[in-house]
Amino acid sequence: QVQLVESGGGLVQAGGSLRLSCAASGGTFSRYVMGWFRQAPGKEREFVGAIRWSDSITAYADSVKGRFTISRDNAKNTVYLQMNSLKPEDTAVYYCAADRGIVLRPIPKTYNYWGQGTQVTVSS
């Protein structure tokens, strides 16, 4: 019954910003870890960042540190990925994922649930 729905993707020029949302339902997320991943055509799925529901502790990939910020809204069961200073290499389908554990992990296989993805395209 767990469902994750991403939204907010689109086309933006380099240097611009986007905020992605992940609406979560059907589960008890208070002890979950919520992750963001991205995948470009022909490439492996890549860890972007993650947040722990219980205390909002976050972790980020080196490639996005200082540019991306993850936050969550408990009342809305929603997590956000604020993306600033976007670069063409950020172009990918972005996925929201949920991990039943409490440790923030960068490995896709450790996440139990996945959204459908939302496309982010950054033009030069």
Side-chain angles (χ1 to χ4, degrees):
Q1 285 190 301
V2 171
Q3 185 175 9
L4 306 175
V5 180
E6 302 97 332
S7 62
L11 175 65
V12 65
Q13 292 184 342
S17 298
L18 285 173
R19 189 179 75 163
L20 306 184
S21 298
C22 175
S25 62
T28 302
F29 297 98
S30 61
R31 295 181 61 187
Y32 282 22
V33 168
M34 304 297 294
W36 285 98
F37 293 80
R38 65 188 182 185
Q39 188 167 23
K43 293 186 177 295
E44 297 294 318
R45 192 161 296 188
E46 175 189 22
F47 174 75
V48 174
I51 186 168
R52 190 159 59 202
W53 277 105
S54 60
D55 57 9
S56 75
I57 294 295
T58 55
Y60 300 95
D62 288 341
S63 59
V64 305
K65 285 181 180 177
R67 299 189 297 122
F68 291 10
T69 303
I70 298 173
S71 60
R72 58 112 170 99
D73 186 334
N74 283 344
K76 297 180 179 180
N77 277 345
T78 300
V79 296
Y80 303 96
L81 179 65
Q82 178 67 46
M83 304 184 294
N84 298 325
S85 301
L86 283 162
K87 306 174 181 179
E89 51 262 44
D90 294 318
T91 296
V93 176
Y94 283 71
Y95 296 91
C96 178
D99 184 350
R100 294 172 183 167
I102 61 172
V103 177
L104 279 63
R105 301 181 186 274
I107 309 301
K109 67 179 295 185
T110 67
Y111 287 76
N112 305 103
Y113 309 104
W114 293 84
Q116 83 288 349
T118 185
Q119 177 71 47
V120 172
T121 303
V122 184
S123 62
S124 300

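In this chain, residues are counted from 1 in sequence order.
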Tell me whether Leu81 is reachable from Val64 by hopping between hydrophobic residues (I, L, V, M, F, W, Y) whose side-chain heavy atoms are closer than 4.5 Å.
->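 Val64 and Leu81: one cluster.
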Under 4.5 Å between side-chain heavy atoms, hopping through other hydrophobics if needed: is there a path connecting Met83 to Tyr95?
-> no
Report the C-alpha distance between Arg52 and Val103 in whole Å, list the side-chain angles of each, state the deciding distance to 0.1 Å, and finish with yes or no for side-chain contact (heavy atoms from CB on, under 4.5 Å).
-> CA-CA 8 Å; Arg52 190 159 59 202; Val103 177; 5.8 Å; no
Identify the heavy atoms of [X] and [Y] that sit nearest to each other, and give their distance.
X	Y	value
Asp73	Ala75	OD1-N, 3.1 Å
Ala61	Phe47	CB-O, 3.4 Å
Ala40	Thr91	CB-O, 3.9 Å
Ala50	Val33	CB-CG1, 4.0 Å
Tyr94	Val48	CE2-CG2, 4.2 Å
Thr78	Trp53	N-CH2, 3.8 Å

Could you give me the CA-CA distance, side-chain angles and deciding distance for Lys87 and Asp90, then say whether salt bridge (Lys or Arg N to Asp or Glu O under 4.0 Å) is met?
-> CA-CA 5 Å; Lys87 306 174 181 179; Asp90 294 318; over 6 Å; no
Can you check whether Cys96's main-chain N or O pairs, donor with acceptor, with Glu6's side chain at less than 3.5 Å?
-> yes
Side chain to side chain, [X] and [Y], heavy atoms closer than 4.5 Å:
X	Y	value
Ser54	Arg31	no
Ser63	Arg38	yes
Ile70	Met34	no

For Ile102, does the CD1 atom have more than 12 heavy-atom neighbours from other residues, nucleotides or ligands under 6.0 Å away?
->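 For Ile102, atom CD1 is not crowded (no more than 12 foreign heavy atoms under 6.0 Å).
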Give a yes or no on this: more than 12 heavy atoms of other residues, nucleotides or ligands lie within 6.0 Å of atom CD of Glu44.
->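 Counting other residues, nucleotides and ligands, CD of Glu44 stays at 12 neighbours or fewer.
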Test item: side-chain donor near acceptor, Arg105 and Tyr111, under 3.5 Å = no
Taking the six-membered ring of Tyr80 as reference, does the NZ or CZ atom of Arg19 fall below 6.0 Å from its centre and within a 45° cone about the axis?
-> yes
What is the distance from atom OG of Ser17 to atom CZ of Arg67, rounded to the nearest 0.5 Å?
->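 It is 10.0 Å, given to the nearest 0.5 Å.
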Please round to the nearest 0.5 Å and tell me the distance separating atom CG of Leu18 and atom CZ of Phe68.
-> 9.0 Å
Worked check of side-chain contact (heavy atoms from CB on, under 4.5 Å) between Tyr32 and Asn112 = CA-CA 10 Å; Tyr32 282 22; Asn112 305 103; over 6 Å; no
